[in-house]
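In what follows, a single structure is set out as structure tokens and then discussed.
Below, read A as the first sequence line, B as the second, and so on, with proteins coming before strands; counting in each chain starts at 1.
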Amino acid sequence: MSRTVRTRIAPSPTGDPHVGTAYAALFNYAFAHTHGGQFILRIEDTDRTRSNQASEAMIFEALHWLGLTWDEGPDVGGPCGPYRQSERSEIYREHVKRLINAGHAYPCFCSKERLDKVRARQQAEGSTTVGYDGHCRAMAPADAALRRGEPHVVRLAMPREGQIVVKDLLRGEIAFEAAGIDDQVLLKSDGFPTYHLANVVDDHLMEISHVIRAEEWLSSLPKHVQLYRAFGWEPPVFCHLPLLRNADRSKISKRKNPVSLNYYRRAGYLPEALLNYLALMGWAMPDEREEFSLEEFARLLELERITLGGPIFDLEKLSWLNGKYIRGLTVVQLLERLRAGLLGDDYLLQVLPLIQERIETLEDFLDYGRFFFVGDVAYDDQALKKLVPKGRTPQDTAKVLKTLLDEHLDPLLDWQPERLESILRSFCEAAGWSPNELFMSVRVAVTGRAASPPLFDTMAVLGKEVCRRRIRRAAGALKSIK
RNA sequence: GCCCCUAUCGUCUAGCGGUUAGGACAUCGGCUUUUCAAGCCGAGAACACGGGUUCGACUCCCGUUGGGGGUGCCA
């Protein structure tokens with residue numbers, strides 16, 4: 001009870017920095033501060049194929065922008081490091097060994113094919129439990145030792161019967177039938193731990209007192225609790241936050257909502273307004289005041305008061321709040337905000353070289369460079385016509401743009417001219433479009449005009465978020481054409 | 001399919017057995033204003049349904065329905 005409060009945010013660096021990460025970080029940060037504890041940043045990069053350095057850097061950057069500073073983390077260090085899971089492999093391996101020796105875990109040599117087959121059969125039979133069937137659990141330790149050289153994973157030996165009762169701060173006790181939970185993989189065949197293992201081991205070793213995370217983890221809580229038991233550790237307090245939702249109530253996603261923190265930053269939302277809005281999701285101040293600072297939030301947050309209905313992330317209300325914050329600034333402060341972004345030297349110095357050769361008077365600058373500074377661009381009839389190459393239909397064009405965006409541009413984190421060019425060029429072949437066709441279409445989508453500075457440089461300067469939303473919008477506009 | 005969570009205006013929420021069910025966004029109307037915003041004032045708008053418990057349920061319990069999440073060698 002008197003234990004120091006230590007909370008953490010544990011993002012996985014596999015994409016653009018996510019608004020859900022900021023949401024969880026906000027509550028963890030605030031709770032730690034309410035209780036004079038520490039807030040820790042841990043990078044969960046155990047998925048070697050998806051984890052990526054650019055993503056990690058963007059997460060740091062985005063959280064710094066928001067002002068959610070951490071007391072311990074990969075960049076600032078701390079007594080419980082390293083804070084990057086990829087650098088802790090030895091720790092996990094040792095802990096797995098302990099579990100195996102105690103009979104709480106076992107090696108599993110089942111092939112992917114067998115696993116798929118088992119799952120397919122269970123599904124076909126309408127079996128009540130779908131998951132690993134425990135095939136290798138019966139293997140004698142001596143036999144397993146003999147096969148040590150073969151590729152294998154290590155699984156957690158879950159109790160076969162009875163109930164696993166877990167406790168969530170907001171929901172109270174929740175009982176799961178042990179029979180319905182399969183033996184989770186703890187150590188992958190590449191030697192890296194799964195989330196389940198790594199998060200339990202690290203939370204324990206890093207002395208995390210309160211695990212405040214998204215509700216999507218609630219169903220794996222019994223596995224985590226079982227791990228704490230197997231290790232003989234005292235589990236932390238668990239508090240599962242409601243999931244942010246799209247307007248249709250599904251879990252917030254990039255197809256239906258801007259989810260990248262970079263979007264909000266570029267669009268000109270003030271970090272304190274975003275944080276304030278996020279704090280309103282599932283939380284209300286005791287006096288119902290809706291505008292408050294991070295400090296006030298950190299002073300008054302009580303986890304018990306969090307509401308559990310999944311809140312819809314409402315851009316309209318966010319924008320209203322943001323407007324309030326902007327109006328609350330002095331003119332000089334407003335100028336500073338502008339200079340920190342769209343009207344800052346950094347950005348202007350990127351834009352100007354692309355415009356310089358194309359203007360004759362300084363006042364041409366605004367007219368010509370307009371699309372570098374606005375959010376959406378308008379597509380007039382002429383632009384709409386240029387968007388669709390001769391001989392192509394609006395529908396085809398919309399489809400090509402969407403595919404380009406979703407499958408090729410969206411996963412790109414290193415948003416540089418060279419990368420963009422190679423992606424667009426190879427996409428031409430895949431789509432069966434000529435570079436002329438595709439590049440003009442993308443140019444118009446991204447700038448609103450048929451004439452612009454070199455496409456890839458322009459896209460690079462505009463940034464991923466702006467390109468994304470404009471291409472998306474262009475595709476949408478095309479679809480509504482007859 | 002199975003497991004788990006969840007349910008107050010369109011949206012975010014207050015409520016914690018007895019209230020004309022309150023506030024905010026959005027919407028609509030008015031005032032202000034050269035215009036547009038902003039600001040101010042006002043209006044419409046909710047306890048999903050069915051059983052209990054109780055003198056009394058939005059509040060407690062059970063069920064139904066709706067919504068969500070999970071069911072990966074992803075987190």
* Asked: In whole angstroms, how far is the C1' atom of B:A26 from the CD atom of A:Glu316?
  -> 5 Å

* **Residues touching RNA chain B, which here means a heavy atom under 4.0 Å, drawn from residues 9-23 of chain A** =>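 Going residue by residue through residues 9-23 of chain A, the ones with a heavy atom under 4.0 Å of RNA chain B turn out to be A:Ser12.
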
* First of A:Pro242 and A:Leu318 reached from the 5' end of RNA chain B, by closest nucleotide ->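 Residue closer to the 5' terminus by nearest nucleotide: A:Pro242.
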
* Check the pair A:Lys188, A:Asp190 against salt bridge (charged side-chain N to carboxylate O under 4.0 Å, His left out), reporting the backbone distance first and the verdict last. => CA-CA 5 Å; A:Lys188 306 182 230 181; A:Asp190 65 3; 5.1 Å; no

* **Mutual orientation of the aromatic rings belonging to A:His152 and A:Phe109 [parallel < 30°, tilted 30-60°, perpendicular > 60°]** =>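 It falls in the tilted class, 30° to 60°.
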
* Asked: Going 5' to 3' along nucleotides 60-71 of chain B, which nucleotides have protein heavy atoms under 4.0 Å from the base (write B), which only from the sugar-phosphate (write S), and which from neither (write -)?
  -> -------SSSSS

* Asked: With respect to the phosphate group of B:A14, does any side-chain polar atom (N or O) of A:Arg289 fall under 4.0 Å of OP1 or OP2?
  ->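 Checking A:Arg289 against B:A14: no side-chain N or O falls below 4.0 Å of OP1 or OP2.
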
* Look at A:Lys188 and B:G72 and indicate whether a side-chain polar atom (N or O) is within less than 4.0 Å of OP1 or OP2. =>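 The answer is no; no side-chain N or O of A:Lys188 sits under 4.0 Å from OP1 or OP2.
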
Just call it for [X]: base, sugar-phosphate, or nothing, with non-hydrogen atoms closer than 4.0 Å on any strand.
| X | result |
| --- | --- |
| A:Arg50 | base |
| A:Gly310 | sugar-phosphate |
| A:Arg213 | nothing |
| A:Gly323 | nothing |

* Do the two ring centres, one from A:Phe27 and one from A:Phe297, sit under 6.0 Å apart? ->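 Aromatic pair counts; centres sit under 6.0 Å.
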
* To do: Can you figure out which of B:A26, B:U11, B:C4 approaches the side chain of A:Ile174 most closely?
  =>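 Taking heavy atoms from C-beta onward, the closest nucleotide is B:C4.
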
* Asked: Between atom OG of A:Ser86 and atom CZ of A:Arg48, what is the distance when rounded to the nearest 0.5 Å?
  -> 10.0 Å

* Once you apply the 3.5 Å cut-off to both distances, tell me the Watson-Crick or G-U wobble partner of B:C28, or none. =>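 The base-pairing partner of B:C28, which may sit in any strand shown, is B:G42.
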
* Any donor-acceptor N/O pair under 3.5 Å between B:C5 base and A:Arg171 side chain ->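 Flag unset: no donor-acceptor pair detected.
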
* **Check: B:A24 base within 3.5 Å donor-acceptor of A:Lys317 side chain** => yes

* Ionic contact status for A:Glu290 with A:Lys317, cut-off 4.0 Å ->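 Yes, A:Lys317 and A:Glu290 are salt-bridged.
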
